[in-house]
Amino acid sequence: MKRFIYTLLLVWSATFMVGCSDLMETSPSGEVDKDMILANVESVETAMNGVYSTMFHRIDFVTANAHQCFGDMAIRLHAEVMGDDMVQTAEGAGWFWKSYCYEVRERFAQKIQLCYFAWKYYYEIISNVNYIISVENTAKGDAAKLKDLMAQAYTARAYAYFMLIQLYQQTYIGNEHKPGVPIYTTPTGGTSAGKGRGTVADVYEQINKDLTRAISLFEEAGLAQSHISHFDIYAAWLVRARVALVQNDWELAASSAEKAMAKPGRRILSRNEAEVTKGTFNDDTKAWTTGTTPFNSVSSPCVLWGAEVLSEQSHVYASFYSMMDACTDVYYAAESPKCISNWLYSQIPESDIRKGWWNGDIGVPTKDWVYGANINYNQHKFQWANQKANTGDFIAMRMEEACLIRAEALCRNKQYEEARIEIAKLGSARDSGYASRLAAFTDSDEQTFGTYGTVTTLLDEILLQRRIELWGEAGRLFDIQRQRKGWTRAWNVNGLQSNHTNQLSKYSDYAAFPSNYIECILMIPQTEIDNNPNMTDSDQNEYIQ
C-alpha cells in the first residue's frame with residue numbers, strides 16, 4: 001500500500017501553501033493526521049479542490065510516456081481509440097498509438113502508459129476522498145456546506161471505481177462473479193495492508209452505495225453548484241444513469257437521466273449552437289487558424305460537469321486538445337490526426353449539422369497525407385479555444401448524454417413512444433429532417449448490428465445517434481463491452497472500405513471481435529501484484545502473448 005502514502009499532501013501542494021515539514025513533524029509515522037488537517041469545512045473544501053485539480057492534470061508519476069497521462073480525459077481518449085469509430089491516422093510521436101494497436105497490455109510490468117497510469121491515478125483519487133469522507137462527522141463549520149462537500153467526495157469515489165472496473169474487467173452483465181478491483185473506503189497509508197480483488201458485483205455494490213449516499217447528502221445540503229468543475233446532484237444523477245445503463249437497470253437509468261436533465265439553466269444545444277467552424281491548415285506553409293466549437297468551453301449551456309482551463313493552468317504537451325486539434329503548430333495531432341470512421345460518417349445525413357464536425361472525403365487519403373488537418377475524415381469537433389494561450393476547457397458531462405441514456409433505457413424497457421419523444425429532442429436539434437428519419441424505424445429493442453449495418457430498429461437509431469453525438473468523449477470501448485455485440489475495424493459496404501489504418505489483422509479473429517475480447521481490458525500493473533500481499537500472479541487478468 002505504499003502508493004497511498006502522502007497522496008493527500010501531494011494533492012494539496014498544488015492548490016495552496018501548506019507547511020508540509022511541520023505536518024511531518026507532528027506525524028512521525030509518515031501518516032497524515034487527518035483530524036488536524038481536515039479540522040474544518042474550509043480545509044475540507046481545499047482538499048476537495050485538490051481532488052478536482054488531480055482529475056484533469058496528472059503527468060507526474062509515470063516513468064515514461066507522461067504526455068498521454070493527462071488525467072480523466074486521457075483515459076477516455078484511450079477508450080475511444082481502442083474502439084471502432086475513431087481512426088488514428090498514424091503513429092506520429094507515438095501517443096495513444098499503443099492503445100490504438102492494442103499493445104498497452106504488454107507493458108503492464110512497467111510504470112508507463114495505461115495499465116499503470118489508470119490504476120494509480122484512480123486509486124489516488126480514491127485515497128484522497130477517503131480521507132475527506134473520514135471526517136464527515138468531525139469537521140467543524142457550516143453543516144450544509146460540509147454535507148455538500150461530502151456528497152462531492154462520495155460522487156468522486158463512485159466515479160473512480162466505475163472507471164476502474166470498466167478498465168480492468170469485463171462489463172457487469174454475465175461477469176458479476178469475476179474478479180473486480182480492490183475496494184478501499186477508509187484512509188490508507190504505509191502500514192495499511194492491500195486488499196484482494198473481490199468481485200465485479202462487490203464493486204458495483206460499492207459504487208451504488210456511494211451514489212445513494214451522495215445524492216442524499218446533496219438533497220440535505222440544498223446548495224447550488226459553486227463551480228462547474230465540482231460534482232453536484234445533477235452530475236451524481238448522471239453517474240448513476242451511466243452505472244444503471246451498464247447494469248441493465250433500465251428504469252433506474254431512465255429516471256436518473258431525467259433527473260440529471262432537470263438542472264436549471266442547462267439544455268441541449270440548439271442546431272445553431274452545435275455548429276462547428278473548421279480551423280484551417282496550409283499544407284505548404286504550415287500556417288494555421290483555430291476554428292470555433294461549442295465543445296471547448298464549460299460555458300456552453302449543455303455542460304453539467306467539466307474543467308475550466310485557465311492559461312496559467314494549461315499544459316500544451318499534455319492536453320486532450322494537443323492530441324485532437326490538427327489545425328495547429330502542436331505536432332502531436334498534426335502528425336497523428338484523429339478521424340471518424342468513414343462508415344459512421346456516411347450515416348450522417350447532409351441535413352444534420354454534425355456533418356460539419358469532420359472532414360468528409362476531401363480527396364486526401366492517408367497514403368497521400370503528410371501533416372496537419374487536411375485529410376479525409378479528420379475531426380474538428382475538438383479544437384483549442386485559443387491555441388496560442390494553450391486553453392480549452394474539458395467537458396466531462398453534458399445534457400445530450402443524459403438524453404441519449406434516457407432514450408436508450410426507455411427503448412430497452414419497451415417504452416417506445418416515450419423513447420421516440422426523447423431521442424427526437426436531440427435529433428431535431430441536429431437534423432432539420434429528423435422527424436421523417438425517425439418515422440422510418442420500427443419499434444423494437446433489438447440491436448441488429450455492432451459496428452456497421454442497416455439501421456432498422458428504434459434501438460439501432462438511438463445507439464447510432466449516441467455514436468455520432470458522443471464521438472471522442474464517451475469512451476466507445478465501454479459501449480462495445482456493455483452492448484455485448486461483436487465489433488470490427490474491417491468493412492467493405494457498397495464499395496466503402498474501412499479507413500482504419502490498423503485493422504488489427506494480427507489477431508486471427510480481427511474481422512469480428514467479440515465484445516468480451518480479452519485484449520479490451522487492461523492488465524493489473526505488476527507493481528500492485530508485487531506490493532499487495534493479498535494479490536498474487538494468479539489474480540492477474542489473462543494475458544495473450
(message) Could you report the tightest heavy-atom contact between Leu522 and Leu114, atom names first, then the distance?
(response) CD1-O, 3.9 Å
(message) Between Phe61 and Phe117 (judged by ring centroids, cut-off 6.0 Å), do the two rings come close enough to count as a pair?
(response) yes
(request) Measure across Ala409 and Ala254 and return the closest heavy-atom pair with its distance rounded to 0.1 Å. (result) CB-N, 3.7 Å
(request) Check whether the ring centres of Trp357 and Trp471 lie less than 6.0 Å apart, and answer yes or no. (result) no
(message) Restricting to non-hydrogen atoms, name the atom on Thr454 and the atom on Phe449 that form the minimum distance, rounded to 0.1 Å.
(response) O-CE2, 3.5 Å
(request) Begin with the C-alpha distance, continue with both residues' side-chain angles, and end with the deciding distance and a verdict on ring-ring contact (aromatic ring centres under 6.0 Å, His included) for Tyr517 and Tyr507. (result) CA-CA 11 Å; Tyr517 198 59; Tyr507 299 107; 5.7 Å; yes
(message) Once rounded to the nearest 0.5 Å, what's the spacing between atom CD of Glu461 and atom OG of Ser444?
(response) 13.5 Å
(message) Quick check: do Tyr100 and Thr501 have side-chain heavy atoms less than 4.5 Å from each other?
(response) yes
(message) Show the nearest heavy-atom pair for residues Tyr168 and Val181, with the distance to one decimal.
(response) CB-CG1, 4.1 Å
(request) Would you please classify the geometry between the Trp95 ring and the His67 ring as parallel, tilted or perpendicular, with 30° and 60° separating the classes? (result) tilted
(request) Answer whether the closest heavy-atom distance between the side chains of Arg412 and Leu459 falls below 4.5 Å. (result) yes
(request) State, yes or no, whether a side-chain contact exists between Phe478 and Leu167 at a heavy-atom distance under 4.5 Å. (result) yes
(request) Return the minimal non-hydrogen interatomic distance between Ala419 and Ala407, and the atom names on each side. (result) CB-O, 3.6 Å
(message) Set out, in order, the CA-CA distance, both residues' side-chain angles and the distance that settles side-chain contact (heavy atoms from CB on, under 4.5 Å) for Asn499 and Trp343, then state yes or no.
(response) CA-CA 9 Å; Asn499 62 325; Trp343 181 86; over 6 Å; no
(message) Show every side-chain hydrogen bond (donor to acceptor under 3.5 Å, both in side chains) that has at least one partner inside residues 360-371, sequence neighbours left out.
(response) Asp361-Asn376
(request) With the side chain counted from C-beta on, respond yes when Val330 and Gln387 share a heavy-atom pair under 4.5 Å apart, and no when they do not. (result) yes
(message) I need the full list of side-chain hydrogen bond (donor to acceptor under 3.5 Å, both in side chains) pairs touching residues 485-496, with sequence neighbours left out, sorted by first then second residue.
(response) Asn342-Trp491
(message) Any heavy-atom pair between the side chains of Met323 and Met73 that's under 4.5 Å?
(response) no
(request) Check Asp352 against Ile348 and note the closest heavy-atom contact, atom names and distance. (result) CB-CG2, 3.6 Å
(message) Is a donor from one side chain sitting under 3.5 angstrom from an acceptor on the other, for Gln247 and Tyr204?
(response) no
